[in-house]
Amino acid sequence: MNLPSFLWLWKIAAWSMGLSLTAYTILGISGFWMYNRRINKQPRPQWLRPLHYLIGGIMVFLVLLLLSIGIIGTLGHYGSLGHSPHLVAGLLVVVLVLISAISAAQISPKRPWARSLHVSTNVILLLGFLLVTGSGWSVVQKYLP
Ligand code: HEM
Ligand code: HEM
């Protein structure tokens, strides 16, 4: 395959990344909202937790989609992986998102550590997102016409 034939793939990557960052923002707001209600011992809207869960699932899906796009595109172009620091940033984000989702499913009054693990993973995830967007932005330049 020649270079421009990959352009559509990296466009999907850029759009998915935009959606992931939007999802992250909504998760941050709804997560903080749940936290706020819990600390103030006030009931929270019934839809809040399912919404947070649903958007979280969408974000996990998008990140796994980005991982497959990245691997398929890089293998198709070079025939091998590991051509820039973007690989490390990408794997970091995938691991963090999975830790976040698994710890989220463990949150309960019996397991207080799961909540703090969930929240701290997501703080580091923001840094990971910035690294992967920056490095992705930089490697995509060579595919642009
Ligand atoms: C990976 C996808 C995610 C899933 C599946 C998920 C799911 C959950 C679940 C099930 C809870 C427990 C709600 C409860 O107390 O019953 C929770 C809590 C929380 N989530 Fe997420 N979440 C995700 C991503 C995020 C992200 C990216 C952020 C921040 C940017 C975030 C922030 C929070 C916060 C602050 C709480 C704590 C609420 C509290 O202290 O009561 N979550 N999440
Ligand atoms: C969570 C987000 C992302 C993940 C997990 C991810 C993952 C990956 C992985 C694992 C590779 C293979 C790298 C290698 O072996 O060298 C890759 C390559 C690539 N990704 Fe991403 N990526 C993400 C976001 C982005 C974004 C936002 C862009 C920009 C549009 C992008 C553009 C690229 C390009 C152009 C390559 C080819 C690398 C090269 O030519 O050296 N990625 N991605």
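Remember, predicted model here, so these are calculated numbers, not experimental data. When a ligand or atom number is given, it counts from 1 through the structure's own listing order. Starting from 1, each residue takes its place in the sequence as its number.
- Here the straight-line distance linking atom CG of Asn122 with atom CZ of Phe129 works out to 9.0 Å at 0.5 Å rounding.
- Interface of His83 with ligand 2, defined as ligand atoms under 4.0 Å from a residue heavy atom, comprises 14 (C), 16 (O), 41 (O).
- Among protein heavy atoms, the minimum distance from atom 34 (C) of ligand 2 is reached at Trp10 CZ3, 3.3 Å.
- The single protein non-hydrogen atom nearest to atom 11 (C) of ligand 1 is Ile107 CD1, 3.7 Å, given as residue, atom name and distance.
- Of all atoms in ligand 1, listed by their number and element, those nearer than 4.0 Å to a heavy atom of Gly28 are 29 (C), 30 (C).
- Contact analysis puts Gly82 in contact with ligand 2, with a non-hydrogen atom separation below 4.0 angstrom.
- The distance from ligand 2 to the heavy atoms of Tyr78 drops below 4.0 Å at these ligand atoms: 39 (C), 40 (O), 41 (O).
- Distances below 4.0 Å separate heavy atoms of Val119 from the following atoms of ligand 1: 34 (C), 35 (C).
- Under a cut-off of 6.0 angstrom, the local environment of CD in Gln46 is sparse, with at most 12 non-hydrogen atoms contributed by other residues, nucleotides or ligands.
- Side chains of Val132 and Met17 form a contact here, defined as non-hydrogen atoms less than 4.5 Å apart.
- Ranked by closest heavy atom to atom 10 (C) of ligand 1, the top entry among Phe32, Tyr53, Tyr35 is Tyr53.
- For atom 18 (C) of ligand 2, the choice among Leu9, Thr74, Val94, Val88 with the nearest heavy atom turns out to be Thr74.
- The ligand atoms of ligand 1 that sit less than 4.0 angstrom from a heavy atom of Tyr24 are 27 (C), 30 (C).
- Side chain of Ser103 to backbone of Ser100: a donor-acceptor contact under 3.5 angstrom is found.
- Residue His118 has at least one nitrogen or oxygen atom sitting less than 3.5 Å from a nitrogen or oxygen atom of ligand 1, judged on distance alone.
- Residue Trp10 forms a ring pair (Phe, Tyr, Trp, His ring centres under 6.0 Å) with just one option from Tyr143, Trp15, Trp137, and that option is Tyr143.
- Leu125 is not listed as a side-chain neighbour of Thr121, based on a closest heavy-atom distance of 4.5 Å or more.
- Across Gln106, His52, Met59, Arg115, heavy-atom proximity to atom 15 (O) of ligand 1 is greatest for Arg115.
- Closest protein heavy atom to atom 28 (C) of ligand 2: Gly136 CA, 3.7 Å.
- Looking at Met34 and Arg115, their side chains never come closer than 4.5 Å, going by heavy atoms from C-beta outward.
- Atoms OG and OH, from Ser30 and Tyr53 in turn, are 13.0 Å apart once rounded to the nearest 0.5 Å.
- For atom 3 (C) of ligand 1, the closest non-hydrogen atom of the protein is Gly56 CA, 3.7 Å.
- For ligand 2 and Leu81, the ligand atoms under 4.0 Å from any heavy atom of the residue are 15 (O).
- By the rule that hydrophobic residues join a cluster once side-chain heavy atoms approach within less than 4.5 Å of another member, Leu126 and Trp33 end up as members of one cluster.
- At a 4.0 Å heavy-atom cut-off, ligand 1 touches Arg44 through the side chain alone.
- In this structure, of His86, Lys142, His77, the residue bringing a heavy atom nearest to atom 39 (C) of ligand 2 is Lys142.
- Below 4.0 Å from some heavy atom of Ala104 lie the following atoms of ligand 1, by number and element: 4 (C), 6 (C), 7 (C), 8 (C), 9 (C), 10 (C).
- Considering CG of Leu27 and OG1 of Thr22, their distance stands at 10.5 Å, rounded to 0.5 Å.
- Near Met17, meaning under 4.0 Å from any of its heavy atoms, are these atoms of ligand 2: 2 (C), 27 (C).
- Closest to atom 41 (O) of ligand 1 by heavy atom, among Arg49, Arg37, Arg38, is Arg38.
- Selection from Val93, Ile71, Leu66, Leu87 by nearest heavy atom to atom 2 (C) of ligand 2 gives Leu66.
- For the pair Tyr143 and ligand 2, the shortest N or O to N or O distance falls below 3.5 Å.
- Below 30°, between 30° and 60°, or above 60°: for Tyr78 and His83 the angle between ring planes is below 30°, a parallel geometry.
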